[in-house]
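Structure record follows, encoded as structure tokens.
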Amino acid sequence: MKITIACVGKIKEKYLRDGIAEYTKRLGRYCTMQIAEVTDEKTPDHASEAEEKAIREKEGERLLKVIPDQAYVIALAINGKMLDSVELSEKIASLTVSGTSHIVFVIGGSLGLSDAVLKRADYALSFSRMTFPHQLMRMILTEQIYRGFRILNHEPYHK
């Protein structure tokens with residue numbers, strides 16, 4: 001199984017980079033994990049809705065370029081379906097059993113995902129109705145993927 005996290009922007013904070021690196025290293029036992037970062041757009045203060053939409057579209061075009069055609073795409077979206085950790089692990093397992101060899105999780109920038117990316121997605125996943133910084137979300141997602149593989153392999157992990 002290959003898992004990619006396609007995301008907008010770079011991680012600036014060392015503690016987040018370290019956390020993501022640790023979970024990525026741990027995931028090496030279960031899958032091939034990679035992160036595909038695309039450049040984010042600067043959002044001007046007091047941007048209009050049209051400016052925000054244009055920014056989402058530019059970032060969305062970049063994201064779509066790093067998503068392989070055959071991949072199963074899970075977009076992180078506030079209006080997506082909320083799963084607990086066991087349900088996420090079951091989702092990964094069912095994709096594996098059905099022959100999916102590559103899952104791409106997509107995290108948008110500070111303004112979210114474009115309509116084109118949401119349309120390309122096979123599934124929309126929400127972690128909460130709350131808004132999280134996209135850099136922090138990358139670490140949370142990486143940890144949850146790791147937790148999911150631990151659950152699938154009946155291995156102990158904090159609850």
**Request:** Could you please spell out the steps behind the salt bridge (Lys or Arg N to Asp or Glu O under 4.0 Å) verdict for K91 and E87?
**Result:** CA-CA 6 Å; K91 178 75 175 166; E87 290 169 328; over 6 Å; no
Let me confirm one number: the [atom1]-[atom2] distance from [X] to [Y], rounded to the nearest 0.5 Å.
| X | Y | atom1 | atom2 | result |
| --- | --- | --- | --- | --- |
| M33 | Y23 | CE | OH | 12.0 Å |
| F105 | T4 | CZ | OG1 | 10.0 Å |
| Y72 | I103 | OH | CD1 | 8.5 Å |
| K10 | K12 | NZ | NZ | 10.0 Å |
| L27 | R147 | CG | CZ | 12.5 Å |

Is it possible for you to say whether [X] and [Y] belong to one hydrophobic cluster, with membership spreading through side-chain heavy-atom contacts below 4.5 Å?
| X | Y | answer |
| --- | --- | --- |
| L111 | L76 | no |
| M137 | V73 | no |
| I35 | I145 | yes |
| I78 | I107 | no |
| I20 | V104 | no |

Is there a donor-acceptor pair under 3.5 Å between the side chain of R26 and the backbone N or O of Y146?
->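 A pair under 3.5 Å: no.
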>> Donor-acceptor check, side chain of S98 to backbone of S94, threshold 3.5 angstrom: yes or no?
In response: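 Checking the backbone N and O of S94 against the side chain of S98, a donor-acceptor pair under 3.5 Å is found.
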Taking the side chain as everything from C-beta on, heavy atoms only, tell me whether [X] gets closer than 4.5 Å to [Y].
| X | Y | answer |
| --- | --- | --- |
| Q135 | R17 | no |
| I55 | P44 | yes |
| I74 | D122 | no |
| S89 | F149 | no |
| L16 | L136 | yes |

- Taking atom types as modelled and ignoring hydrogens, do the side chains of H134 and S110 form a donor-acceptor contact shorter than 3.5 angstrom?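 The criterion, which ignores hydrogens and geometry beyond distance, is not satisfied for S110 and H134.
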For S85 and Q144, does a side-chain donor sit closer than 3.5 Å to a side-chain acceptor?
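Q144 and S85 do have a side-chain donor-acceptor pair below 3.5 Å.
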**OP:** Run the salt-bridge test on D115 and K119 with the 4.0 Å N-O cut-off and return the result as yes or no.
**Re:**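 Not counted as a salt bridge, because no side-chain N and carboxylate O are separated by less than 4.0 Å.
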**Request:** Look at atom CE of M82 and say whether more than 12 heavy atoms of other residues, nucleotides or ligands are closer to it than 6.0 Å.
**Result:**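 Result for CE/M82: enclosed.
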More than 12 heavy atoms of other groups within 6.0 Å of N153 CG:
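Enclosed: over 12 neighbouring heavy atoms sit under 6.0 Å from CG of N153.
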query: Checking salt bridge (Lys or Arg N to Asp or Glu O under 4.0 Å) for the pair E37/R138: CA distance, chi angles, key distance, verdict?
result: CA-CA 11 Å; E37 292 178 335; R138 196 181 312 180; 2.6 Å; yes
_Does K58 form a salt bridge (Lys or Arg N to Asp or Glu O under 4.0 Å) with E61? I'd like the steps, not just the answer._
CA-CA 5 Å; K58 283 181 188 175; E61 288 170 10; over 6 Å; no
Could you walk me through whether R62 and E41 pass the salt bridge (Lys or Arg N to Asp or Glu O under 4.0 Å) test, one step at a time?
-> CA-CA 11 Å; R62 292 179 189 135; E41 289 290 312; 2.4 Å; yes
**Report entry** Step-by-step side-chain contact (heavy atoms from CB on, under 4.5 Å) determination, I3 to Y30
**Finding:** CA-CA 10 Å; I3 295 182; Y30 308 105; over 6 Å; no
